[in-house]
Amino acid sequence: MFAEVTVRSMFSRPCYLPLHVMCVFEVYISLSCAFCRHGKRVEKLKMLFGLAVNEAKLTSQRTRLKNQNGFHLCRLSREVYTFVSPSRMSGSLLNMFSKGTKRKFSDGGEEISEEGLVGARVASSYSLQRQSLLDMSLIKLQLCHMLVEPNLCRSVLIANTVRQIQEEMTHDGSWHMVTEAFCNAGQSPSERLVATEVLCRSREQDAEPKVFSVISYEGCREEEVVADETLCSVSVRDTVSNVYLAGRMGQCWEKNELSGIERDEEVLEDSRLGSGEDEEINTEDEASTEGPKTIGQVFGTFEIKNGSPGPDSALEELFSDVDTSYYDLDTMLTGMQSAPKMGPYDLLDSLGPSHGSPSIVSTPNCRSDLNELDHIMEIIVGS
Amino acid sequence: MAGAGGGGNDVQWCFSQVKGAIDDDVAEADIISTVEFNHSGELLATGDKGGRVVIFQQETENKSQPQCRSEYNVYSTFQSHEPEFDYLKSLEIEEKINKIRWLPQKNAAQFLLSTNDKTIKLWKISERDKRPEGYNLKEEDGRYRDAATITALRVPVFRPMDLMVEASPRRVFANAHTYHINSISVNSDNETYLSADDLRINLWHLEITDRSFNIVDIKPANMEELTEVITAAEFHPHQCNTFVYSSSKGTIRLCDMRASALCDKHSKLFEEPEDPSNRSFFSEIISSISDVKFSHNGRYMMTRDYLSVKIWDLNMESRPVETYQVHEYLRSKLCSLYENDCIFDKFECCWNGNDSVVMTGSYNNFFRMLDRSQRRDVTLEASRESCKPRQVLKPRRVCAGGKRKKDEISVDSLDFNKKILHTAWHPQENIIAVATTNNLYIFQEKVN
């Protein structure tokens, strides 16, 4: 099921290694390993990646997978993983960004749809670069480490970078192009953000609480209590989800089991920012942040806003269109059309009344590979 | 001991000491997070991620043997901050010491301020080398004597004892910051100090712990509009009404507290126009200022952003008077550095005693000495390989691309996990303290 491609062979053939794949993968390793106690993580990894137990070693904090030689585990495509040395990773990034040549896709073992190929060829290197940067930035905003408040300066800088890219893309018109491309495809909320879905799935045997993460700007948390008006102050669409989520939250609280589970992220809009936290529920967060989260809201989560209207409209506009499965490059590669491309209104569909149904909201940016890792998550959580 | 004169390049630096564990496995709690000399240079304080403060004291010079460099030995170690838990927000408050600042010495005891993300503490470090003996009512071990057995009175006397250094917290300044404290700075009036977090700066009186004045607040009414945070702040070394604070957008604002109670309006704004040829998505991130330091004479200030060090004349706001590239070879690697988060590293910088040389850290355990008077710079390395006593440090070179010459290191082989973020320069002598991840290196000027 899993193949390990040597570093040399990975770079000897032209192949697409999207930047965000690496980032996303890191996210998922973090999330997947958060389900188990540290001692069991290596076991899980062995099962997940077919590695001998002593070959995979977790480092602290980000849970980057490294083998004995210090290589990072990277995912080339759906079922192909490889180890890349950190310096090589940098090298590969540089190659991506400096060459400016069109990407070719290797046929070896990967299913590439005609559609995907055409799309890829059309995309310019600069756009790819920009897109990757955007993906990476959004992922960074979502990744939140443990129990400590994230660095506000870092978050602000990343958010500013994202804004900058969004603005440029809006001016370019590439935003619309991307949105349209995927809106037409038959999107079903069949696949979700892996981690979210898994976390939200109710299980008979294991009552894992459905935790909804919070905006990563914990740094912005104020002492003020956030009133419920906050939730009501957002748009209609959000209200629905808010209600849903609020209900969920109650469920979470009752369960109150969080050990070893990282917070998941709720995304209603594209730019969702969430925090992953081990073993903690941030009650205040949950109460206040189930709403569409624009970049702006990331900062202002708890500030509010009794009564004041929600997000900055310009920002929201910018981000509302970002909700695309464009990032689903891997889907393109493998020709999967049922990938979790959730359009903006799929949200309502997915936010069913029952708590049992998987809730949604994939992070658009992460979606590309997350859906692919769905089965992996099942393995891990299911075991 | 040589004075602080002389350019950085006339000076040959040689290894003096290294503190800290030798193994490569670094315990997270041992990571050094701040380094600071006191005003006389006799004491050197370091703070680490585990909330501890270690103070080193310079041995009294042995005048009969001038070749013998005085060494710094451990003087006191204490736990300054403990990890806390904010129950309201369900978050841990790290005990990592963000900054240490010494107070000028007024009596026999030493005082320093140390801060973590939320709380500032004033510590008194005092020596005790005498002990009273001969109490009438107590035995030597402290037990009370039976009054009936006392037949004569005596006067207790002080007898010498082994030197004991005590550190006791004298003030705790808490609950004034919602965001993470990044700087503290003692005012030249020796009565007040400021503490700056991401969005606010507070003014404290050293004696009063339950109140502080908010003097700068850049928090927008709508947090969604937040695009800029405060990254560092410092009081002017001589003018007690003046302070500066730097931002993540590369601007420095100088404020005068006499102008108004709330110094949101700056008196001066120092900003260099952006170079359009170097514009990229990372321009803003690399322009974010990580440290700002006034020169000792108070006429200049130095700012450190990701790739450069800039010296500003306080009288000229339009552009810096000097700009030095620290590691320009990283400009083409910004994307990778963004990916691994290194682009957010906050490097500090420092002046030498007479403001002629500035120093800052880089990656691969390199640090840079930038000589202002001679416009020369040198890159040195703090490594275990050059740890022989009085071994002269060899200048290092980094090859940006193309053919790598002998002794040069290529950019791709730099270790980005080995970074020197914290450095300090003795206020009078050419002695520098350089902190790698968990080791403290002390280098001194080579004396012939």
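Every chain is numbered from 1, with letters handed out A, B, ... down the list of sequences.
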Could you look at [X] and say if it's the side chain, the backbone, both or neither that has a heavy atom under 4.5 Å from chain A?
X: Ile343(B); result: neither
X: Phe281(B); result: both
X: Ser248(B); result: both
X: Ser287(B); result: neither

Could you measure the distance from the [atom1] atom of [X] to the [atom2] atom of [Y]? Nearest 0.5 Å is fine.
X: Leu133(A); Y: Cys335(B); atom1: CG; atom2: SG; answer: 5.5 Å
X: Ser137(A); Y: Glu339(B); atom1: OG; atom2: CD; answer: 11.0 Å
X: Asp345(B); Y: Arg154(A); atom1: CG; atom2: CZ; answer: 11.0 Å

More than 12 foreign heavy atoms under 6.0 Å from CG of Asn175(B): is that the case here?
->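 Atom CG in Asn175(B) is not packed in, count stays at 12 or less.
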Should the heavy atoms of other residues, nucleotides or ligands under 6.0 Å from NZ of Lys249(B) be counted, would the total exceed 12?
->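 Atom NZ in Lys249(B) is crowded, with more than 12 foreign heavy atoms closer than 6.0 Å.
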Do Glu228(B) and Val156(A) come close enough that some side-chain heavy atom pair is under 4.5 Å?
->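 Contact flag for Glu228(B)/Val156(A) side chains = no.
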Please report the closest heavy-atom contact between [X] and [Y], naming both atoms and the distance.
X: Asn160(A); Y: Thr227(B); value: ND2-O, 2.8 Å
X: Glu224(B); Y: Arg163(A); value: O-NH2, 3.2 Å
X: Cys153(A); Y: Lys346(B); value: SG-NZ, 3.5 Å

Partner chain A: residue of Phe416(B), Tyr338(B), Phe282(B) with the largest heavy-atom pair count (under 4.5 Å) |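 If we count pairs closer than 4.5 Å to chain A, Tyr338(B) comes out on top.
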Passes side chain to side chain contact (heavy atoms under 4.5 Å, CB included), Asn151(A) versus Phe344(B)? Steps please.
-> CA-CA 10 Å; Asn151(A) 190 339; Phe344(B) 301 107; 5.9 Å; no
Go through Leu199(B) and Leu152(A) one step at a time and tell me if the side chain to side chain contact (heavy atoms under 4.5 Å, CB included) criterion holds.
-> CA-CA 9 Å; Leu199(B) 296 177; Leu152(A) 184 64; 4.2 Å; yes
